[in-house]
Q: 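Below: one structure in structure tokens.
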Amino acid sequence: MTQRFIIIEKDFIPEHTFECGQCFRWNKTDNGNYIGIVSDSVLEVIKEHDKYFVYFENKEEDFIKEYFDLNRDYNMLINEILSMDDKLRDAVKYGFGIRILRQDIWECIISFIISINNNIPRIKKIIENISRYYGKEIYYKGRVFYSFPKPEVLAKASEKELRMLNCGFRVPYIINAAKMIESGDVDIYGLKNKSNEEVRKELMKLPGVGEKVSSCIMLYSLGRFDIFPVDVWIKRIMENIYLKRYESPREIEKFALARFKDKAGIVQQYLYFYFRNNKDFLKGISKSGC
DNA sequence: CCTCAGGGCTCTC
DNA sequence: GAGAGCCCTGAG
């Protein structure tokens, strides 16, 4: 069993990358490293002598490099962000080491359908439940892990089973989205060369995929940084820091895209990570409203 | 015991 | 365009 590794030396802190809310299948191990299931493989990120080693099996190096977005210079991105907006200094400094992972689009779609009106610990639990129930076994270092099931599998899943796995009101969304993808009614594998508008239109054909979920898919699986997902937290943060008034998610996205341009996606990530972990800085703004 | 919110969406009006 | 309702769980 060949085990290989590559080194990530620059602009990377595992805790920031894996716990900024973009992914749900990475977990911290007892010794402080991270282990995750990525498509049909188990990956480990291990710190040795101040360097991070990615261990993997059954994958090409190019896959790993793309997954960790290693061809992008985040340090340069940060400098450009700071040069155009000083308000982001604290958030960028705090979130240094976040990389936007290039996730599998199918798993990303279902993951963010599950995220609807849900919280992160429960999202992780539901995805784990689905993988254990429907996924394939992966053996890694004598342990068993489970891959996320393919569209054809979830297309045939029963409502009863998925309810048992705690998917709740999202059950019909999941099954019908899987059916539409499996049948080819919605083409999720031919989106690469399409415009943001075209991609969003295609994704929103899927039940349970609205503006925000489609934005997450475009950012986290297509690597489109000129996208700014607006959830309840980002809404609050933007209203608090920039707008000083209640505003609709659509207007907030418009504002952010105009201001942060092709770096909006990573800015969104820094803001989310920083303010979720420092909620006190958001006192003074109401929790909802628009 | 209760209410409320959580990386929102759909359906109805 | 606005508003109610939603499966479930932990927090308060």
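Sequence lines set the chain letters: A, B, ... in the order given, protein chains first and strands last, and positions in each chain run from 1. Values in this document were obtained by computation on a predicted structure and should not be read as measured data.
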Q: Can you measure A:R122 atom CZ to C:dC6 atom C1' for me and round it to whole angstrom units?
A: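 After rounding, the gap between these two atoms is 11 Å.
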
Q: At under 4.0 Å between heavy atoms, what does A:C20 touch on the DNA or RNA strands: base, sugar-phosphate, or nothing?
A: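 Here A:C20 touches the bases of the nucleic acid.
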
Q: Taking atom C1' of C:dC6 as reference, at what distance in whole Å does atom CD1 of A:I174 sit?
A: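 Taking CD1 of A:I174 and C1' of C:dC6, I get 14 Å after rounding.
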
Q: Pick from A:K59, A:K150, A:K136: which one makes a side chain to side chain donor-acceptor pair (under 3.5 Å) with A:D40?
A: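 That would be A:K59; it is the only one of A:K59, A:K150, A:K136 passing the side chain to side chain donor-acceptor pair (under 3.5 Å) with A:D40.
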
Q: Given the P atoms of C:dC7 and B:dC1, what is the spacing between them in whole Å?
A: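 One P to the other, the span is 22 Å.
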
Q: Is any side-chain N or O of A:R170 under 3.5 Å from a base N or O of C:dC7, one able to act as donor and the other as acceptor?
A: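 Looking at the base of C:dC7, it does pair with a donor or acceptor on the side chain of A:R170 (distance under 3.5 Å).
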
Q: Tell me if the CD atom of A:E60 is crowded by more than 12 foreign heavy atoms within 6.0 Å.
A: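 Counting other residues, nucleotides and ligands, CD of A:E60 stays at 12 neighbours or fewer.
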
Q: Can you tell me how far C1' of C:dG10 sits from CD1 of A:I126, to the nearest Å?
A: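 Atom CD1 in A:I126 sits about 14 Å away from atom C1' in C:dG10.
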
Q: Hey, what do you get for NZ (A:K279) to CD1 (A:I237), rounding to the nearest 0.5 Å?
A: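 Between atom NZ of A:K279 and atom CD1 of A:I237 there are 10.5 Å.
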
Q: Report which part of the nucleic acid A:Y220 touches: base, sugar-phosphate, or nothing (heavy-atom distance under 4.0 Å, all strands).
A: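 Answer is base: heavy atoms of A:Y220 come under 4.0 Å of a base.
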
Q: Return the nucleotide paired to C:dC7: Watson-Crick means purine N1 to pyrimidine N3 with N6-O4 or O6-N4, wobble means G-U with N1-O2 and O6-N3, both under 3.5 Å.
A: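 By the stated definition (distances under 3.5 Å), nothing pairs with C:dC7.
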
Q: Using whole Å, what does the distance between atom C1' of nucleotide B:dG6 and atom CD1 of A:I127 come to?
A: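 Whole-Å distance recorded here is 15 Å.
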
Q: Would you mind reading off the distance between A:I237 atom CD1 and B:dG6 atom P, rounded to a whole angstrom?
A: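 Going from A:I237 (CD1) to B:dG6 (P), I get 11 Å.
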
Q: Remember a base hit wins even if backbone is also touched, and classify A:Q22 as base, sugar-phosphate or nothing at under 4.0 Å, heavy atoms.
A: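 The residue A:Q22 makes base contact.
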
Q: For a quick check of understanding: with a heavy-atom distance under 4.0 Å over all strands, which category does A:G21 fall into, base, sugar-phosphate or nothing?
A: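 The residue A:G21 makes base contact.
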
Q: Mapping A:P229 and A:M204 to their closest nucleotides on DNA chain B, which lands nearer the 5' end?
A: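 Result of the comparison: A:P229.
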
Q: Is there a donor and acceptor pair closer than 3.5 Å between the side chain of A:N118 and the base of C:dC7?
A: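 No such pair is found, so the answer is no.
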
Q: Taking 4.0 Å as the cut-off, does a side-chain nitrogen or oxygen of A:R236 come that near to OP1 or OP2 on B:dA5?
A: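 Checking A:R236 against B:dA5: no side-chain N or O falls below 4.0 Å of OP1 or OP2.
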
Q: Look up atom NZ in A:K261 and atom CD1 in A:I81, then write down how far apart they are to the nearest 0.5 Å.
A: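 If we round to the nearest 0.5 Å, A:K261:NZ and A:I81:CD1 are 12.5 Å apart.
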
Q: So what does A:V230 touch, heavy atoms closer than 4.0 Å: a base, only the sugar-phosphate, or nothing?
A: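 Since no nucleic acid heavy atom lies under 4.0 Å of A:V230, the category is nothing.
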
Q: What's the CD1-C1' distance between A:I116 and C:dC6, to the nearest Å?
A: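 It is 11 Å, rounded to the nearest whole Å.
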
Q: Is any side-chain N or O of A:R163 under 3.5 Å from a base N or O of C:dC8, one able to act as donor and the other as acceptor?
A: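 Such a pair does not exist between side chain and base.
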
Q: When we call it a touch if two heavy atoms are under 4.0 Å apart, what does A:Y272 touch: a base, just sugar-phosphate, or nothing?
A: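 Answer is base: heavy atoms of A:Y272 come under 4.0 Å of a base.
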
Q: In whole angstroms, how far is the P atom of C:dG5 from the CG atom of A:N117?
A: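 Rounding to the nearest Å, CG of A:N117 and P of C:dG5 are 14 Å apart.
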
Q: Let me know the distance between CD1 of A:I114 and P of C:dC8, rounded to the nearest Å.
A: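 Answer to the nearest Å: 15 Å.
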
Q: May I ask you to establish whether A:R72 and A:F225 are in a cation-pi arrangement, using a distance under 6.0 Å from NZ or CZ to the six-membered ring centre and at most 45° from the ring axis?
A: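 Yes, a cation-pi geometry holds between A:R72 and A:F225.
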
Q: Which class fits the ring pair A:Y67 and A:F63: parallel under 30°, tilted 30 to 60°, perpendicular over 60°?
A: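 Judged by the thresholds at 30° and 60°, the geometry between A:Y67 and A:F63 is parallel.
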
